Amino acid sequence: MNFLEFAVWGSYLTSLGNFLARNGLLDQIGWFYTVQGIVSLIMPSLIGILADRCIPAQRMLSICHLIAGSFMAAAGTYCLVAPQIEFAPLFTLYTVSVAFFMPTIGVANSVAFNALTKANMDTVKDFPPIRIWGTIGFICAMLFVNFAGPAEAHFQTTYMQLFVSAVFSFILMIYALTMPHCPVSKAAKGASLVETLGLRAFKLFERRRMAIFFIFSMLLGVSLQITNGYANPFITSFSGIDEFRNAWAAQNANALISLSQISETLCILLIPFCLKRFGIKGVMLMSMFAWVFRFGFFGAGDPAGNLWMFILSCIVYGIAFDFFNVSGGLYVDKETTPDIRSSAQGLFMIMTNGFGATIGTIGAMLVVNHFVDPSTAPEVQLSGWRTCWYIFAAYALVVAVLFLLIFRDDKITPGKGRLAKIEATESGAGGMITEQTKDI
């Protein structure tokens, strides 16, 4: 399930910008990534509520992929038949597709956590090795669109990447129905409006630590889509400079960027150890500083003599993405009860891929459009690109420092402090932990 879920995304996420730039839509790239954040403000929460209250999560996952795949295929068909690709029709079809795809990330997590719970497995320990297959699916899709097709028109530069994504969605539409049944929680008679609508997950903001966590999740989410939208066009732009024209990386940007996802597969395995050893604060700080290096290495690298900087940027991406996205999902799961599991995952998606990614992609688009002028010489554009990456790195550094100073991690060494109180409560109350003690 995870393999197919992220193969859908990997088919176009890192290469769409290249396709758009080659069809005269360079200035519009940001909107295609911004809309993923805009729909994430509403759709993950709405779909999460339906999965919690009305439709079993595995069926909801199937329905969403049916709709997402259909509209992505329609977007590819439009590009196929249109004499000139226009922004409005392509953007409209694409938007409907991602509106139903983005919620599936959180729903897929709920389906996975439900399956692990039914199997009496530890989600923190056993989910990361399963989640690795999502990254492998993303990598396989990236490499496929990079190398598939004729040499002069690989899928990463054409509308064929949209059809590839649609095919993966249709496969998952069928496969999701084979996943273990996810129970729904029917609203009890006389329940409040908040409970009936499944909005109890928003009450997590009443807890100061969770409120700060979600706010910084939003600030860190600003970084999520920047390299997805602009790394491929940036690296490909080197092919217009004589010095780098024949560089392998300049001709195979998607394959180079896939090193980022390969790094993910290794870093996911570190999550259980790092969460238990350093707590959520330590893991989030690692992610934040990794984003600083991610952007900084892009700004200083090139496809020839400084290719090693691009490679290092891809390596640290595993920490930047996994230690935030995967660990954050696990952290939210541990802080919630099963009856709001899908809604809480939807809330996490709203803060990260909703508010965060929307602000980030709009901001990145303004920065790139200001410093990178397609009408100028490639060498001039390169100087503008480097300035953009350094600006993004500076932002990530500021967020990391603020998080270090503000967020308080309640991770306690066993046998000491408040954990000792919990242990005492357990032993004195027949193993029952009071809600008040848990809140402490």
Side-chain angles (χ1 to χ4, degrees), residues 2 6 9-10 13-14 105 109 124-125 127-139 142 213 216-231 256-301 307-333 348 351-353 356-357 360 364 389-390 392-404 407 409 411:
N2 275 270
F6 286 91
W9 217 9
L13 188 65
T14 61
I105 299 175
N109 282 344
V124 172
K125 176 183 177 182
F127 179 67
I130 294 172
R131 174 58 178 77
I132 282 178
W133 288 96
T135 305
I136 293 174
F138 198 100
I139 295 170
M142 286 182 66
F213 171 79
F216 274 98
S217 293
M218 178 189 69
L219 295 176
L220 191 53
V222 167
S223 302
L224 285 179
Q225 299 297 340
I226 293 177
T227 51
N228 288 333
Y230 291 103
L256 174 64
I257 297 171
S258 71
L259 293 176
S260 302
Q261 280 64 46
I262 293 174
S263 174
E264 274 191 59
T265 64
L266 301 176
C267 291
I268 286 177
L269 297 176
L270 298 175
I271 290 176
F273 167 78
C274 290
L275 273 177
K276 292 180 180 179
R277 178 67 179 84
F278 303 109
I280 190 63
K281 181 173 184 177
V283 169
M284 291 280 282
L285 279 173
M286 293 179 194
S287 173
M288 291 174 180
F289 282 107
W291 279 112
V292 177
F293 290 111
R294 167 71 161 175
F295 297 136
F297 283 135
F298 260 132
L307 177 61
W308 62 273
M309 291 190 179
F310 283 173
I311 294 174
L312 281 180
S313 176
C314 293
I315 291 174
V316 300
Y317 177 80
I319 297 175
F321 182 83
D322 286 338
F323 278 35
F324 161 59
N325 206 48
V326 179
S327 295
L330 288 168
Y331 182 69
V332 170
D333 182 65
F348 182 60
M351 300 305 294
T352 55
N353 287 283
W389 293 119
Y390 292 142
F392 302 148
Y395 167 80
L397 179 61
V398 170
V399 173
V401 172
L402 290 175
F403 185 78
L404 176 65
F407 185 77
D409 189 3
K411 177 178 172 290

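Please read these numbers as outputs of a predicted model, since none were measured by experiment.
With sequence neighbours left out, Ser260 forms a side-chain hydrogen bond (donor to acceptor under 3.5 Å, both in side chains) with Arg294. For Trp9, the side-chain hydrogen bond (donor to acceptor under 3.5 Å, both in side chains) partners are Gln36, not counting sequence neighbours. Every residue two or more places apart in sequence or in another chain that forms a side chain to side chain contact (heavy atoms under 4.5 Å, CB included) with Leu259 is listed here: Leu256, Ile262, Ile311, Cys314. Ala320 is linked by a side chain to side chain contact (heavy atoms under 4.5 Å, CB included) to Ala290, Trp291, counting only residues two or more places apart in sequence or in another chain. Remark: Phe6 pairs with no residue by the ring pair (Phe, Tyr, Trp, His ring centres under 6.0 Å) rule, at least two apart or across chains. With sequence neighbours excluded, the residues satisfying ring pair (Phe, Tyr, Trp, His ring centres under 6.0 Å) with Phe403 are Phe216, Phe407. Partners of Thr14 by side-chain hydrogen bond (donor to acceptor under 3.5 Å, both in side chains), not counting sequence neighbours, listed by chain and number: Asn254. Under the ring pair (Phe, Tyr, Trp, His ring centres under 6.0 Å) criterion, Phe321 pairs with Tyr317, sequence neighbours left out. In terms of the side chain to side chain contact (heavy atoms under 4.5 Å, CB included) criterion, residue partners of Ala300 (sequence neighbours excluded) are, by chain and number, Met309, Tyr390. Under the rule for a side chain to side chain contact (heavy atoms under 4.5 Å, CB included), Leu266 has no partner lying at least two apart in sequence or in another chain. Listed by chain and number, the residues in a ring pair (Phe, Tyr, Trp, His ring centres under 6.0 Å) with Tyr230 amount to none (sequence neighbours excluded).
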Test log, rule side chain to side chain contact (heavy atoms under 4.5 Å, CB included), inputs Phe310 and Ile315: CA-CA 9 Å; Phe310 283 173; Ile315 291 174; over 6 Å; no

Stepwise side chain to side chain contact (heavy atoms under 4.5 Å, CB included) test for Phe324 and Ser223: CA-CA 11 Å; Phe324 161 59; Ser223 302; over 6 Å; no

Full working for side chain to side chain contact (heavy atoms under 4.5 Å, CB included) between Ile130 and Asn2: CA-CA 7 Å; Ile130 294 172; Asn2 275 270; 3.8 Å; yes

Phe293/Leu312 under side chain to side chain contact (heavy atoms under 4.5 Å, CB included): CA gap, chis, key distance, verdict: CA-CA 8 Å; Phe293 290 111; Leu312 281 180; over 6 Å; no

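To the nearest 0.5 Å, atoms CE (Met286) and NZ (Lys281) are separated by 12.5 Å. Atoms CG and CE, on Leu219 and Met351 in that order, are 8.0 Å from each other to the nearest 0.5 Å. Going from atom CZ of Arg277 over to atom CG of Leu270 covers 14.0 Å, rounded to the nearest 0.5 Å. Distance check: Asp322 CG to Gln261 CD gives 9.5 Å after rounding to the nearest 0.5 Å. To the nearest 0.5 Å, atom CZ of residue Arg131 and atom CD1 of residue Ile136 are 10.5 Å apart.
Heavy atoms only, all atoms of each residue included: Met142 and Ser258 are closest at CE-N, 3.5 Å. Minimum heavy-atom separation, Ser217 to Met284: OG-CE, 4.2 Å. In plain terms, the two heavy atoms of Ala393 and Gly296 that are nearest each other are CB-N, 3.9 Å.
For CZ of Phe297, the number of neighbouring non-hydrogen atoms (other residues, nucleotides, ligands) closer than 6.0 Å is greater than 12.
With a 4.5 Å cut-off on side-chain heavy atoms, Phe323 and Cys267 count as touching. Side chains of Ser313 and Phe295 form no contact here, defined as non-hydrogen atoms less than 4.5 Å apart. Looking at Thr352 and Leu220, their side chains never come closer than 4.5 Å, going by heavy atoms from C-beta outward.
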